[in-house]
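The structure under discussion appears below in the form of structure tokens.
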Number of protein chains: 2
Amino acid sequence: METTPRIGELACFALYTASRAVIGLYRPVLDRLGLTYPQFLVLMALWEQDGRTVSALGDALQLDSGTLSPLLKRLEAAGFVERRREFGDERRVTVHLTEAGAALEREGCAVTEVVGTAAGMPLEELLALRDKLNEFTESVIRHRAAR
Amino acid sequence: METTPRIGELACFALYTASRAVIGLYRPVLDRLGLTYPQFLVLMALWEQDGRTVSALGDALQLDSGTLSPLLKRLEAAGFVERRREFGDERRVTVHLTEAGAALEREGCAVTEVVGTAAGMPLEELLALRDKLNEFTESVIRHRAAR
DNA sequence: CGCAATTAAGTTGCGCACAATCAAAATGCG
DNA sequence: CGCATTTTGATTGTGCGCAACTTAATTGCG
């Protein structure tokens, strides 16, 4: 690369703006449910499998306890989840959906559908884009670990 | 969609993790320069064209003054930029690179090169991914505005 | 001209992300 | 068993993002 690249040429900037754009697309819908985007992701992870530990949620969402602990506290205060210290291992905390949290699944499911029409491309292309991104992330994380 | 999609199936989640992964890839390099990722983007915008106004930077980076004002204050405190009230229009503030800020361009240019090898795909594919993402963002923002 | 409407940037408040640190519980090795 | 090490989650501190609001300057309409 001879000259400094322009911002618009950077893949990292394209990712950064694309990610914020979708989150902004979801925002008004999630607002009505009283959720932020990361909170919504946590609920999705629990709809898939309830009773996960904090670290299991962290693995699923690539977030650490510094982010999850206060987030879960807010989700609990909102009445969507409940945290329980495990009996066997007192260090572990499992997170469980309340009735209200479980009830959000139906509406929550619909949240993600808006991206299909907003993406401006056929579903097939969107799925291909998603797969390419996951492949990319996988590789980047491997390169990060290797140091 | 009959059932709730799994997190790994969501394009939005793929974007979210991919974006954070690249930023994390850049972090150790940017740390050495004393920059955060958004600060680095602002400098890139200024290397491309110095003396932009705050709102022009906001247009380029899709950020508002609530984000940029404190960020620019920190960049100024670090000695990389200088802010000047415009003479013609006292509302406007132009942002100018200092010598130190301009001097970062050479090293800053190199920062973005690491993604090429970490991406785990040929440059051509990475550029195609970038273009697809920009197309996607464009469409999502249009759908956001239309309401 | 006079004043309402608009525009530009800054401020406030909240919720992430993430590094660094901490406390408590569990594990494992001599 | 005893104690160092590891694991798990929580806490602290900094810097975004973004909505809502404020302030000050400019514009434009009657």
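Residue numbers begin at 1 in each chain, while the letters A, B, ... track the order of the sequences. FYI, side chains are in, hydrogens and waters are out, and symmetry mates aren't considered; it's all heavy atoms of this structure.
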Within this structure, what is the [atom1]-to-[atom2] distance between [X] and [N], rounded to whole angstrom?
| X | N | atom1 | atom2 | result |
| --- | --- | --- | --- | --- |
| B:Asp89 | D:dT23 | CG | P | 20 Å |
| A:Phe13 | D:dG17 | CZ | P | 11 Å |
| A:Glu86 | D:dG9 | CD | C1' | 13 Å |
| A:Ile23 | D:dC16 | CD1 | C1' | 13 Å |

Checklist outcome for this item: Of A:Val54 and A:Tyr16, the one whose closest nucleotide on DNA chain D sits nearer the 5' end is A:Val54
Closest contact, heavy atoms only, [X] versus [Y]:
| X | Y | value |
| --- | --- | --- |
| B:Ala21 | A:Arg144 | O-NE, 3.7 Å |
| B:Glu135 | A:Met121 | OE2-CE, 4.3 Å |
| A:Gly8 | B:Asn134 | O-ND2, 3.9 Å |
| A:Thr4 | B:Cys109 | CA-SG, 3.8 Å |
| A:Leu41 | B:Phe13 | CD1-CD1, 3.8 Å |

Next on the checklist: In the structure I gave you, are the side-chain heavy atoms of A:Leu35 and A:Leu104 within less than 4.5 Å of one another anywhere?
Outcome noted: yes
Next on the checklist: Given 3.5 Å as the limit, does a donor-acceptor pair link the side chain of B:Trp47 with the main chain of A:Arg6, or not?
Outcome noted: no
Checklist entry - Relative to each other, are the rings of B:Tyr26 and B:Tyr37 parallel, tilted or perpendicular (30° and 60° limits)? => result tilted
Next on the checklist: Using the side-chain hydrogen bond (donor to acceptor under 3.5 Å, both in side chains) definition, which of the options B:Arg83, B:Arg84, B:Glu76 pairs with B:His96?
Outcome noted: B:Arg84
Checklist entry - Does the pair B:Leu15 and B:Phe136 meet the rule for a side-chain contact (heavy atoms from CB on, under 4.5 Å), with working shown? => result CA-CA 11 Å; B:Leu15 277 170; B:Phe136 173 87; 3.6 Å; yes
Next on the checklist: Classify B:Gly88 by what it touches in the nucleic acid, base, sugar-phosphate, or nothing, heavy-atom distance under 4.0 Å.
Outcome noted: sugar-phosphate
Every protein N/O within reach of nucleotides 1-5 of chain C N/O, cut-off under 3.5 Å:
none

Checklist outcome for this item: Comparing B:Arg27 with B:Val93, nearest DNA chain C nucleotide closer to 5' gives the residue B:Val93
Item to check | Nearest-nucleotide 5' precedence on DNA chain C, B:Gly24 against B:Ser55 | outcome: B:Ser55
Item to check | Terminal helix-axis angle for the helix from C:dC1-D:dG30 to C:dG30-D:dC1, with five pairs defining each axis and rounding to 10 degrees | outcome: 10°
If only side-chain N and O atoms of [X] are considered, is one of them under 4.0 Å from the OP1 or OP2 phosphate oxygen of [N]?
| X | N | value |
| --- | --- | --- |
| B:Arg92 | D:dA25 | no |
| B:Tyr37 | D:dG15 | no |
| B:Arg85 | D:dA25 | no |
| B:Gln39 | D:dG15 | no |

Item to check | Listed nucleotide nearest any side-chain atom of B:Arg91, set D:dA25, C:dA24, D:dG17 | outcome: D:dA25
Next on the checklist: What residues from residues 64-75 of chain B pass a heavy-atom cutoff of under 4.0 Å to DNA chain D?
Outcome noted: B:Asp64, B:Gly66, B:Thr67, B:Leu71, B:Arg74
